[in-house]
Amino acid sequence: MTLLEGRSWPLGANCAKNGVNFALFSAHATQVELCLFDADGQRELERLTLPCHTDGVWHGFAPAVKAGQRYGYRVHGPYDPASGHRFNPHKLLLDPYARQLHGSLVWNDANYGYTRGHVDKDLSFDTRDSAAYVPKCVVVKTPKTTLKRHAPHVLEKGEYAARARLSDGLIYEAHTKGITALNTSIAA
């Protein structure tokens, strides 16, 4: 399968009528791979590099993928713990925008990005594959909804007791300093 360019928004896995768009933000990644799994989430079927990178978002469109597909990501980049970078493509990552997960986490040393018990402690680098021990994301078809915009109903005097329920109310809190601090027409 070949991934097409797709688009950088919305983030996550989003179904279209002819495939699924995948988009993942990573400001420091050098490559992002989409891993597709079988229906049980046990066997990796395909590993595809997301072809595009736009403003920190890696994205690609998979024409053959449909709702129900199990997937995860492998993200490449610098392994420099002193700078806060711990990229490790041996570890399967969940999509932070996934709407559903399949399977459960199994505690195993392969889940760690470093080698437990190593003399360098958490500065070491573990090359074991974690895919067998982590849940997989599931592509979910979301229904398209249309939001109708309309002005809120303003209750007339005496109407509140007759028509409104407390559960229908909205309490809006605003702090005077916060909403006026930048207003130059107000004297300090």
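Since this is a predicted model, take the numbers as computed values, not measurements.
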Requested in this report: Only one of Asp126, Asn111, Thr127 passes side-chain hydrogen bond (donor to acceptor under 3.5 Å, both in side chains) with Lys91; say which it is.
Outcome: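 Considering Asp126, Asn111, Thr127, a side-chain hydrogen bond (donor to acceptor under 3.5 Å, both in side chains) with Lys91 is found only for Asp126.
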To the nearest 0.5 Å, what is the distance between [atom1] on [X] and [atom2] on [Y]?
{"X": "Cys15", "Y": "Lys141", "atom1": "SG", "atom2": "NZ", "value": "7.0 Å"}
{"X": "Phe37", "Y": "Glu46", "atom1": "CZ", "atom2": "CD", "value": "12.0 Å"}
{"X": "Ser26", "Y": "His76", "atom1": "OG", "atom2": "NE2", "value": "11.5 Å"}

For a quick test of reading the model, state the closest non-hydrogen atom pair linking [X] to [Y] and the distance between them.
{"X": "Cys137", "Y": "Asp95", "result": "SG-N, 3.2 Å"}
{"X": "Leu4", "Y": "Pro63", "result": "CD1-CG, 3.9 Å"}
{"X": "His102", "Y": "Ala39", "result": "NE2-O, 3.9 Å"}
{"X": "Gly6", "Y": "Asn21", "result": "CA-OD1, 3.2 Å"}
{"X": "Pro51", "Y": "Gly60", "result": "CD-CA, 3.7 Å"}
{"X": "Asp109", "Y": "Arg128", "result": "O-NH2, 3.4 Å"}

Close side-chain approach of [X] and [Y], heavy atoms under 4.5 Å:
{"X": "Met1", "Y": "Leu48", "answer": "yes"}
{"X": "Asp55", "Y": "Ser8", "answer": "no"}
{"X": "Pro89", "Y": "Val75", "answer": "no"}
{"X": "Tyr73", "Y": "Trp58", "answer": "no"}
{"X": "Asn18", "Y": "Phe61", "answer": "yes"}
{"X": "Tyr71", "Y": "Val20", "answer": "no"}
{"X": "Glu5", "Y": "His59", "answer": "yes"}
{"X": "Tyr79", "Y": "Arg86", "answer": "yes"}

Between the side chain of [X] and the main-chain N/O of [Y], is any donor-acceptor distance below 3.5 Å?
{"X": "Gln31", "Y": "Gly77", "result": "no"}
{"X": "Lys136", "Y": "Arg70", "result": "no"}
{"X": "Ser124", "Y": "Thr115", "result": "yes"}
{"X": "Asn88", "Y": "Gly113", "result": "yes"}
{"X": "Arg99", "Y": "Ala13", "result": "yes"}

Requested in this report: Indicate the ring-plane relationship of Phe87 and His85, choosing parallel, tilted or perpendicular according to the 30° and 60° boundaries.
Outcome: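 The arrangement is parallel - the two ring planes meet at less than 30°.
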Requested in this report: Evaluate the side-chain contact (heavy atoms from CB on, under 4.5 Å) criterion for residues Gln69 and Val138: first the C-alpha distance (whole Å), next the side-chain angles of each, then the deciding distance (0.1 Å), finally the verdict.
Outcome: CA-CA 6 Å; Gln69 177 67 58; Val138 181; over 6 Å; no
Verify the cluster assignment for [X] and [Y]: are they in a single hydrophobic cluster under the rule of side-chain heavy atoms below 4.5 Å apart?
{"X": "Trp9", "Y": "Phe25", "answer": "no"}
{"X": "Leu3", "Y": "Val139", "answer": "yes"}
{"X": "Leu36", "Y": "Leu24", "answer": "yes"}
{"X": "Leu50", "Y": "Leu93", "answer": "yes"}

Query raised in the report: Checking side-chain contact (heavy atoms from CB on, under 4.5 Å) for the pair Glu33/Thr49: CA distance, chi angles, key distance, verdict?
Result: CA-CA 4 Å; Glu33 294 175 308; Thr49 300; 4.0 Å; yes
Requested in this report: Please indicate whether Tyr114 has more than 12 foreign heavy atoms, meaning atoms of other residues, nucleotides or ligands, lying under 6.0 Å from its OH.
Outcome: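 Result for OH/Tyr114: enclosed.
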